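I have placed the structure first, in the form of structure tokens, so that the comments after it can refer back to it.
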Amino acid sequence: MRASNMYAPTLREVPAEAEIISHQLMMRSGMLRKVASGVYTYMPLAWRTMKKIMEIIRQEMDAAGGQELLLPAMQPAELWQQSGRWDVYGAELWRVKDRNMRDFCLGPTHEEIITYHFHNDIRSYKQLPQRLYQIQTKFRDERRPRFGLMRGREFMMKDMYSFDRDEAGLEVSYQLMHRAYTNIFTRCGLNFRPVEADTGAIGGSGSHEFMALADTGESAIVYCDKCNYAASVEIASLPPVGTGAGEEFKEIVKVYTPDCTTIEDVANLLGVTSERVVKTLCFSADGEVVMVLIRGDRRISEVKLQNALGCNELEMASDEALRAKGLFPGYLGPIGVTNMKIVADSEVPLMVNHECGANEVSNHLINVNYQRGDYRIDQVADLREVAPGEPCPHCDGTLLGARGIEVGQIFKLRDKYSKALDAYFTDENGEDKPAIMGCYGIGVGRTMAAVIEQSNDEYGIIWPMAVAPYHVVIVPVNDKDEALTEAAESLYQELLAARVEVVLDDRKERPGVKFNDADLIGYPLRVTIGSKGLAKGIVEVKIRATGEVLEIAKDEIKDWLLQTLREAGVR
RNA sequence: CGGGACGUAGCGCAGCUUGGUAGCGCACCUGAUUUGGGAUCAGGUGGUCGCAGGUUCAAAUCCUGUCGUCCCGACCA
């Protein structure tokens with residue numbers, strides 16, 4: 001490729017709309033252009049990298065027994081109505097009508113379609129397992145698209161669906177995918193961790209998210225400083241720890257606590273630590289007010305709470321809703337409450353002589369004990385959000401906090417969709433059984449953005465060799481020097497003939513412009529050809545990742561490059 | 001969906017308070033000089049100021065509406 005003809009318009013200034021580094025660099029390097037909110041054109045450089053990531057994905061999927069196919073993006077409403085998701089999915093589902101006003105949607109995911117095919121074409125256990133995948137544009141009408149490719153409304157995704165005859169088969173598929181994903185993200189050069197993730201309505205253990213570590217990531221995770229335990233903070237789980245253990249139950253005393261509406265206020269006034277306080281919160285779960293109890297120094301994981309309650313919509317109850325129930329925000333407590341369900345985190349029953357609100361303005365109670373029967377709990381569940389600094393549940397290490405970009409997710413669906421969409425097969429005993437399914441996604445564009453997010457400096461992108469749009473750029477330093485132009489041209493031709501992915505920067509620009517663009521675009525290897533060096537028979541190689549500069553004999557540069565690319569595993 | 005901000009040339013911005021010929025930097029085009037880290041000089045192209053109404057002799061500027069975009073939050077197969 002000649003730079004003079006390359007469609008990669010670089011920008012000196014950062015477009016105002018780009019907030020995070022990967023988005024800024026993709027805009028500046030001419031990789032990406034926005035067409036509408038959350039809708040982007042992948043310019044040639046970006047598309048080359050996308051294709052490389054997709055090729056890595058294909059190799060690993062195929063190695064794990066996958067077969068690639070292509071499902072339609074345009075999907076009839078009937079299938080979604082059958083699975084129940086036409087109504088459940090909400091505004092995010094991109095609905096369209098055809099000329100006869102029939103309902104369709106643009107696929108945000110493809111469980112319905114793939115299961116439809118299974119229903120039609122798979123009859124026998126002899127045809128299992130099946131692992132089918134595709135790489136395709138997905139559509140989700142996100143409420144808030146953001147950060148360039150991180151959360152788009154139209155985006156490239158690899159999705160695989162596995163069909164096994166039983167749970168054991170699913171486990172095999174799942175482990176194959178776990179390993180394949182690890183290989184893929186490793187090959188892409190990402191610093192990532194697989195973390196245990198929420199399984200939502202489907203429940204059970206059976207989901208991992210692959211998180212590229214980055215401060216700009218949208219998800220919070222905890223991971224152990226000693227072992228390989230890692231989990232989303234929303235679902236990380238630790239054994240319950242009570243407070244006041246061993247103390248004798250004391251008599252309940254009402255304490256006047258004016259203007260103390262936070263746990264901290266109350267704990268300070270009473271001279272206790274917040275772990276001796278029970279925090280009482282009220283949520284509206286599918287419209288029903290529920291009281292939730294948790295240790296005062298803990299945070300509620302709304303994901304856990306939602307799963308425990310089995311509700312679809314969960315939000316903090318409004319002050320009006322509380323007053324309607326005869327409660328006073330800031331002075332909530334469980335004692336004497338009869339008109340709503342009470343759910344408690346598993347630590348609460350272990351708390352002795354704790355404090356809580358008195359359900360009267362400006363009053364709290366001390367020495368309250370669930371174990372003594374002071375109040376009622378209808379449901380006990382693990383509800384707390386784990387925080388960095390807490391002990392690892394698997395070893396004696398300590399949990400650290402980090403943020404991550406979710407680049408992939410693997411999920412055990414089990415029989416949710418096979419039952420809803422009638423994906424049954426006949427086993428060797430002649431019995432009909434639902435296929436046991438798994439689904440496995442990778443955001444291709446997000447992976448590309450995550451690589452940039454992790455690998456850049458003040459000058460631009462630093463591509464790992466495996467996903468660089470080109471491997472080598474040749475920069476002739478002076479376009480008036482004919483010997484130099486000729487040397488650059490002939491090296492370019494030799495490398496092309498050797499099928500090296502090379503760009504010749506033949507633009508009539510000053511060297512500084514070429515160097516800056518090379519750094520910005522992030523070519524791993526830059527060959528600089530200058531008059532002085534050429535007179536001595538040498539050219540210069542700059543390694544983008546390390547900044548290292550090498551002088552190589554002109555006659556040896558081609559072999560040196562081929563050798564280097566071979567060692568990097570891209571030949 | 002709640003909160004905040006912004007729409008003026010391809011990009012970054014000023015002008016708006018106080019209405020009166022639409023500006024600056026970068027990029028782009030031409031010429032000359034220049035050539036190892038975003039050159040210099042001279043000349044030039046490009047904008048119905050997001051859109052629609054309204055007020056006014058006169059609107060980028062004031063008013064109303066609308067569309068778009070970004071950020072925070074909520075939400076997230």
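Throughout, protein chains are lettered first and strands after them, A, B, ... in sequence-line order, and every chain is numbered starting at 1. Keep in mind the model is a prediction, meaning the values are calculated, not measured.
In this structure, B/U17 forms no base pair with any nucleotide, since neither Watson-Crick nor G-U wobble geometry is met with both distances under 3.5 Å. Pairing of B/G36, defined by two Watson-Crick or G-U wobble distances under 3.5 Å, is not identified with any nucleotide. The pairing partner recorded for B/G47 is none, the criterion being a Watson-Crick or G-U wobble arrangement whose two distances lie under 3.5 angstrom. B/C26 is paired with B/G10 under the criterion used here, namely a Watson-Crick or G-U wobble arrangement in which both key atom distances are under 3.5 Å. B/A74 makes up no base pair with any nucleotide shown, lacking Watson-Crick or G-U wobble contacts both under 3.5 Å. Judged by Watson-Crick or G-U wobble contacts below 3.5 Å, the nucleotide B/G31 has B/C41 as its partner. Of the nucleotides present, B/A5 is the one that pairs with B/U69 by Watson-Crick or G-U wobble criteria, both distances under 3.5 Å.
Protein atom CE of A/Met316 is 20 Å distant from nucleotide atom P of B/G2, rounded to whole Å. A/Glu218 has its CD atom 10 Å from the P atom of B/C71, to the nearest Å. Atoms CZ (A/Arg144) and C1' (B/C75) sit 11 Å apart, rounded to a whole Å. Rounded to an integer number of Å, the gap from CG of A/Asp198 to C1' of B/C75 is 14 Å. Per the geometry, NZ belonging to A/Lys34 stands 12 Å off P belonging to B/G68, to the nearest Å. Following rounding to the nearest Å, A/Asp481 (CG) and B/G36 (P) show an atom-to-atom distance of 11 Å. The separation between A/Glu142 atom CD and B/A74 atom C1' is 13 Å, rounded to whole Å. In this structure, A/Met157 places its CE atom 13 Å from C1' of B/C76, rounding to the nearest Å.
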Which pairs would a plain distance check flag for residues 434-448 of chain A, meaning a side-chain donor or acceptor within less than 3.5 Å of a matching protein atom at least two apart in sequence or in another chain?
unit_1, atom_1, unit_2, atom_2, d
A/Tyr440, OH, A/Ser162, OG, 2.7
A/Arg446, NE, A/Met150, O, 2.7
A/Arg446, NH1, A/Glu406, O, 2.8
A/Arg446, NH2, A/Met150, O, 2.9
A/Thr447, OG1, A/Gly443, O, 2.6

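In this structure, A/Ala91 reaches neither bases nor backbone, as no heavy-atom distance under 4.0 Å exists between it and the strands shown. Nucleic acid contact for A/Ser37: sugar-phosphate only, since backbone atoms but no base atoms lie under 4.0 Å from a heavy atom of the residue. As judged by a 4.0 angstrom heavy-atom cut-off over every strand, A/Phe147 is placed among residues touching the sugar-phosphate backbone only. Among the heavy atoms of the strands lying under 4.0 Å from A/Arg526 is at least one base atom, whether or not backbone atoms are also near. In this structure, A/Lys532 reaches neither bases nor backbone, as no heavy-atom distance under 4.0 Å exists between it and the strands shown.
With no hydrogens or angles considered, no side-chain donor-acceptor pair links A/Glu154 and A/Thr137 at under 3.5 Å. A/Ser37 and A/Arg153 are not linked by any side-chain donor-acceptor pair at a separation below 3.5 angstrom, with hydrogens and angles left out of the test. When only modelled atom types and interatomic distance are considered, A/Gln24 and A/Glu19 share no side-chain donor-acceptor pair under 3.5 Å. At a cut-off of 3.5 Å, with distance as the only test, no side-chain donor of A/Asp422 or A/Tyr424 sits close to an acceptor on the other residue. Between the side chains of A/Glu385 and A/Ser301, not a single donor N or O lies within less than 3.5 Å of an accepting N or O.
A distance of about 41 Å separates the C1' atoms of B/C76 and B/C16, rounded to the whole Å. A distance of about 15 Å separates the P atoms of B/G50 and B/A22, rounded to the whole Å. Taking atom P on both B/C6 and B/G15, the two are 12 Å apart, rounded to the nearest angstrom. Comparing B/C51 with B/A60, their P atoms are spaced 11 Å from each other, to the whole Å. Taking the P atom of each, B/G65 and B/A27 are spaced 42 Å apart, rounded to whole Å. B/A59 sits 11 Å from B/C49 when the P atoms are compared, rounded to a whole Å. Comparing B/G73 with B/G37, their P atoms sit 43 Å apart, to the nearest whole Å. Taking atom C1' on both B/U61 and B/A14, the two are 13 Å apart, rounded to the nearest angstrom.
For the pair A/Lys97 and A/Phe104, the cation does not sit on the ring face, since its NZ or CZ is not both under 6.0 Å from the ring centre and inside 45° of the axis. Remark: A/Arg95 qualifies as a cation-pi partner of A/Trp86 under the 6.0 Å distance and 45° angle criteria applied to the six-membered ring.
For the pair A/Arg146 and B/C72, the criterion of a side-chain N or O lying under 4.0 Å from OP1 or OP2 is met. A sub-4.0 Å separation between OP1 or OP2 of B/U35 and a side-chain N or O of A/Ser531 is absent.
In the set B/C75, B/C76, B/A39, B/C76 carries the atom at the smallest distance from any side-chain atom of A/Glu92. Distances from the side chain of A/Asn478 to the nucleotides B/U35, B/G36, B/A27 place B/U35 closest.
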Counting primed atoms plus P, OP1 and OP2 as sugar-phosphate and everything else as base, spell out the protein contacts along nucleotides 4-16 of chain B at 4.0 Å heavy-atom distance: B, S or - for each nucleotide, 5' to 3'.
-------BSS---
When you check every protein heavy atom under 4.0 Å of nucleotides 28-34 of chain B, what one-letter string (B, S, -) results, 5' to 3'?
------B
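You won't find any donor-acceptor pair under 3.5 Å spanning the side chain of A/Arg507 and the base of B/G38, going by distance alone. At a cut-off of 3.5 angstrom, counting only N and O atoms as typed in the model, there is a donor on one side and an acceptor on the other between the side-chain of A/Arg151 and the base of B/C76. On a pure distance criterion of 3.5 Å, no polar donor-acceptor pair joins the side chain of A/Lys542 and the base of B/G36. If you check distances only, the side chain of A/Asp517 does reach the base of B/G38 with a donor-acceptor pair under 3.5 Å.
A salt bridge (Lys or Arg N to Asp or Glu O under 4.0 Å) with A/Asp517 holds for exactly one of A/Arg526, A/Arg507, A/Arg510, A/Arg28; it is A/Arg507. Paired with A/Phe163 under the rule side chain to side chain contact (heavy atoms under 4.5 Å, CB included), one option of A/Leu170, A/Ile122, A/Ile114 passes, and it is A/Ile114.
Counting only distance, with no hydrogens or angles, the side chain of A/Trp463 and the backbone of A/Arg544 share no donor-acceptor pair below 3.5 Å.
Comparing A/Glu302 and A/Thr10, the nucleotide of RNA chain B nearest to each residue sits closer to the 5' end for A/Thr10. Where A/Ala18 and A/Gly533 each meet RNA chain B at their nearest nucleotide, the meeting point lying more 5' is that of A/Gly533.
Side-chain contact check for A/Ser207 versus A/Ile235: every heavy-atom pair is 4.5 Å or farther apart.
Salt bridge absent: A/Lys304 and A/Asp345 never bring a charged side-chain N and a carboxylate O closer than 4.0 Å.
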